Amino acid sequence: GVTVGAVAISGRTNARPVSQISIHEFGHLLGFADLYNERQTTTDLPYSVMGGWQYMAAAPLHDPFSRGMIGWANIQEVSGSQTYVLRPAREGGPVLKLGTGDEYFLAEYRTGAPDLDADLTIPGGVLLERVRLSKLPAPDPGRFLRTLSNCVNCSAWDPLVMIEEADGRYDLQTGGPVDDAADLFLTADAIGPSTDTSPRSATHPIFSTNRLSGAPTGTSLRVLEVHSNYAVVAAEAPVLGSRWCAGPARGTVTGRSAA
């Protein structure tokens with residue numbers, strides 16, 4: 001007999017373009033997980049074919065976490081304090097990884113074009129994702145097909161992947177609309193550690209790079225310049241190979257209220 005490991009199913013008739021639905025469904029065969037909220041308790045993860053894309057506009061780029069999991073992303077690990085020039089992700093620009101272990105951040109420069117990310121309402125901005133590998137149901141991060149049945153992004157304050165919104169309002173976690181100008185990081189936007197080490201929650205939505213548990217990570221990101229074809233960012237993370245441990249946070253960055 002023949003064993004079929006996995007199949008992708010897409011209806012032939014639908015109010016939405018069938019060819020675009022197929023893009024999402026075929027993504028599962030490549031190993032991509034559903035990153036929308038099946039329980040509809042939050043806004044579906046934007047900026048991803050596997051998230052809140054409604055199939056009506058040109059497909060967005062896969063998010064940096066998904067691409068990185070199958071080796072499609074040019075990931076550069078931040079070590080110490082450095083300045084980076086980010087070309088647009090749609091052109092193969094790098095993905096910065098800030099932090100190590102089971103909770104870290106991914107940053108890239110997203111721009112719109114008629115054939116990709118066409119629904120962006122601004123020319124471009126830096127996307128920052130928080131990734132929490134502890135939410136993967138499979139022990140091997142490279143094999144995460146089982147996330148299809150585990151609703152990994154269905155908890156507003158305990159997800160696998162979440163967008164760190166540049167304005168620090170967390171509207172996406174409370175069902176608010178996607179707002180590119182508020183959610184993507186633009187010139188002078190920043191996020192960093194906080195002295196508030198209480199866990200993040202709906203009643204305590206502290207904006208920082210601390211772990212969701214509240215422990216500092218030693219990471220920060222500031223956008224220095226945004227242009228049509230590149231962005232310049234200052235990033236900081238513990239030096240790779242160091243014995244850095246979570247200690248007192250060195251300061252607080254409070255989103256767009258910070259200078």
Side-chain angles (χ1 to χ4, degrees), residues 24 34-66 86 88-90 93 95-96 105-131 153-192 194 200-209 212 220-228 230-233 253-259:
H24 172 98
D34 279 328
L35 295 177
Y36 56 83
N37 185 337
E38 299 168 22
R39 298 172 186 161
Q40 299 183 340
T41 54
T42 66
T43 301
D44 291 331
L45 186 85
Y47 314 115
S48 178
V49 164
M50 308 310 294
W53 178 41
Q54 297 301 309
Y55 308 117
M56 303 309 292
L61 189 65
H62 284 87
D63 65 283
F65 164 73
S66 295
L86 303 180
R90 67 187 307 275
V95 174
L96 300 184
F105 299 89
L106 297 173
E108 67 179 3
Y109 184 46
R110 298 293 285 266
T111 57
D115 62 338
L116 199 63
D117 280 325
D119 59 348
L120 279 184
T121 57
I122 59 176
V126 176
L127 170 66
L128 184 66
E129 281 188 340
R130 180 189 293 264
V131 177
N153 256 33
C154 290
S155 176
W157 304 100
D158 190 29
L160 170 63
V161 181
M162 71 181 295
I163 303 298
E164 290 292 334
E165 301 166 43
D167 63 0
R169 291 172 53 91
Y170 297 111
D171 294 325
L172 300 177
Q173 307 311 115
T174 56
V178 176
D179 184 346
D180 300 325
D183 300 336
L184 299 178
F185 284 68
L186 307 178
T187 301
D189 287 341
I191 186 171
S194 174
R200 183 189 289 182
S201 66
T203 57
H204 191 72
I206 184 69
F207 178 73
S208 77
T209 57
L212 293 192
S220 64
L221 181 78
R222 180 179 293 274
V223 178
L224 304 178
E225 303 173 33
V226 170
H227 302 275
S228 61
Y230 71 94
V232 182
V233 303
V253 175
T254 54
R256 292 183 176 173
S257 63

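In what follows, residues are counted from 1 in the order of the sequence shown. Small disclaimer: the values here were computed from a predicted structure and weren't measured.
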Heavy-atom distance under 4.5 Å between the side chains of D167 and D179, does that happen here?
no
Side-chain donor/acceptor of D180 to backbone N/O of T121, under 3.5 Å
yes
Quick one: pull up CD1 in I191 and OG in S208 and give me the separation to the nearest 0.5 Å.
6.5 Å
So, using side chain to side chain contact (heavy atoms under 4.5 Å, CB included) as the criterion, who are the partners of P205 when residues are at least two apart?
W157, Y170
With rounding to the nearest 0.5 Å, note down the distance linking OG1 in T209 to CZ in F105.
5.5 Å
Rounded to the nearest 0.5 Å, the CG atom of D63 sits from the CG atom of L106 at a distance of 8.5 Å
Walk me through it: do V178 and I163 pass the test side chain to side chain contact (heavy atoms under 4.5 Å, CB included)?
CA-CA 11 Å; V178 176; I163 303 298; over 6 Å; no
Where is the tightest heavy-atom contact between L172 and G176, given as atom of each residue plus distance?
CD2-O, 4.1 Å
Once rounded to the nearest 0.5 Å, what's the spacing between atom CZ of F207 and atom CZ of R200?
8.0 Å
Interatomic distance, M162 atom CE to L128 atom CG [nearest 0.5 angstrom]
10.0 Å
Sidechain-backbone polar pair: E129 side chain, V161 backbone, donor-acceptor under 3.5 Å:
no
Look at the side chain of R110 and the backbone N and O of G125, then say whether any donor-acceptor pair between them is shorter than 3.5 Å.
no
Pairwise side-chain contact, P46 with D119, heavy-atom cut-off 4.5 Å (strictly under)
no
Could you list the residues that satisfy side chain to side chain contact (heavy atoms under 4.5 Å, CB included) with T111, not counting sequence neighbours?
P88, R90, Y109
Is the backbone of L160 close enough, under 3.5 Å, to the side chain of N153 for a donor and an acceptor to pair up by distance?
yes
Give a yes or no on whether the backbone of A156 and the side-chain of Q173 come within a donor-acceptor separation of less than 3.5 Å.
yes
Could you check whether any side-chain heavy atom of L120 comes within less than 4.5 Å of a side-chain heavy atom of Y47, counting everything from C-beta outward?
yes
Under 3.5 Å, is there a donor-acceptor pair between the side chain of T187 and the main chain of V226?
yes
Please lay out, stage by stage, how F185 and V233 fare under the test side chain to side chain contact (heavy atoms under 4.5 Å, CB included).
CA-CA 10 Å; F185 284 68; V233 303; over 6 Å; no
H227 meets the side chain to side chain contact (heavy atoms under 4.5 Å, CB included) criterion, sequence neighbours left out, with E225, N229, Y230
L212 versus R130: any side-chain heavy-atom pair under 4.5 Å?
yes
With rounding to the nearest 0.5 angstrom, report the CG to CD distance, D183 to E165.
4.5 Å
